[in-house]
Amino acid sequence: MPKVLILAVTLLLAACGSPAAQESPMAERVTVTDQWAAGTDGGMAALFGTLSNTGSNEVRITSGSSPAAGMVELHEVTGAAGSKTMRPKAGGFVIAPGGSHELAPGGDHVMLMDLTGPLSPGSDVTVTLEFEDGSTLPVTAQVRDFAGANEQYQPGHGSHG
């Protein structure tokens with residue numbers, strides 16, 4: 001019986017020392033580059049850039065917040081040219097280990113909704129991304145002129161976490 005107990009303790013300690021157990025919070029494994037936000041006088045604006053995962057396990061961004069917006073959603077664009085629809089992305093953004101996820105006009109993006117004021121080109125806006133494990137990553141993006149990709153918005157479709 002003691003050999004079984006020793007084996008169980010050894011296996012438990014080995015699991016605690018595994019890379020997955022040792023890996024840092026998701027937010028610490030993600031870098032954001034080339035980030036920018038679309039300028040607007042009010043309503044909604046999108047944030048774009050490239051999210052990269054430096055870790056050995058996938059990460060999932062589930063939501064966001066910003067002092068510049070009453071609500072932040074993770075969006076995708078679906079449909080064919082001429083009839084593109086923007087909607088909340090079910091399950092959020094998943095970034096593979098060592099991979100990246102592009103946020104781009106006409107594709108996935110972070111949408112700032114119910115803006116508290118205008119986003120003027122040349123200024124900065126901060127958005128805090130929240131990950132599946134509860135960790136957060138503040139992202140500061142420069143606001144730029146951008147007319148938009150002319151998608152239709154489909155609210156309430158999907159889930160954020």
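If you're wondering where the values come from, they're calculated on a predicted model, not measured in any experiment.
- A distance of 8.0 Å separates CD of Q142 from OG of S123, quoted to the nearest 0.5 Å.
- Aromatic ring pairs are classed by plane angle as parallel below 30°, tilted from 30° to 60° and perpendicular above 60°; the pair W36 and F48 is tilted.
- S52 contributes atom OG, which lies 11.0 Å from atom NE2 of H101 (distance to the nearest 0.5 angstrom).
- Here the side chain of E58 pairs no donor or acceptor atom with the backbone of V94 at under 3.5 angstrom.
- Counting only N and O atoms by type, the side chains of S135 and E28 include no donor and acceptor under 3.5 Å apart.
- Closest non-hydrogen pair, V125 versus A37, comes out as CG1-CB, 3.7 Å.
- Across E23 and G55, no two heavy atoms sit closer than the pair OE2-CA, 3.0 Å.
- Of all non-hydrogen atoms in F93 and H109, the two that sit nearest each other are CZ-O, 3.3 Å.
- One finds the CE atom of M26 at 10.0 Å from the CD1 atom of I61 (value rounded to the nearest 0.5 Å).
- For G107 against V77, the heavy-atom pair with the smallest separation is O-CG2, 3.4 Å.
- Proximity of a side-chain donor or acceptor of T116 to a complementary backbone N or O of A68 within less than 3.5 Å is detected.
- Counting heavy atoms from C-beta outward, M86 and K84 have side chains that stay 4.5 Å or more apart.
- By the 4.5 Å heavy-atom criterion applied to side chains, L129 and L51 are counted as neighbours.
- Remark: side-chain polar atoms of N53 are not paired, donor with acceptor, to backbone N or O of G99 under 3.5 angstrom.
- Of all the heavy atoms in L112 and S66, the pair that sits closest is CD2-OG, 4.0 Å.
- Inter-residue side-chain proximity for V139 and T128 is flagged as unmet; no heavy-atom pair is nearer than 4.5 Å.
- Distance alone, capped at 3.5 Å, places no donor-acceptor pair between the T40 side chain and the L119 backbone.
- No donor-acceptor distance shorter than 3.5 angstrom exists from the side chain of E132 to the backbone of T62, with no hydrogens or angles considered.
- Checking side-chain atoms of T50 against main-chain N and O of E102 turns up no donor-acceptor pair under 3.5 Å.
- Looking only at distances, no side-chain donor or acceptor of R60 sits under 3.5 Å from a matching main-chain atom of G92.
- Distance alone, capped at 3.5 Å, places no donor-acceptor pair between the D133 side chain and the P25 backbone.
- For the pair I95 and R29, the minimum side-chain heavy-atom distance is 4.5 Å or more.
- For the atom pair M111 CE and L47 CG, the distance stands at 10.0 Å (nearest 0.5 Å).
- Both L103 and V32 belong to a single network of hydrophobic side chains, linked directly or stepwise wherever heavy atoms of I, L, V, M, F, W or Y lie under 4.5 Å apart.
- Here the closest non-hydrogen pair linking P121 and D145 is CG-OD1, 3.1 Å.
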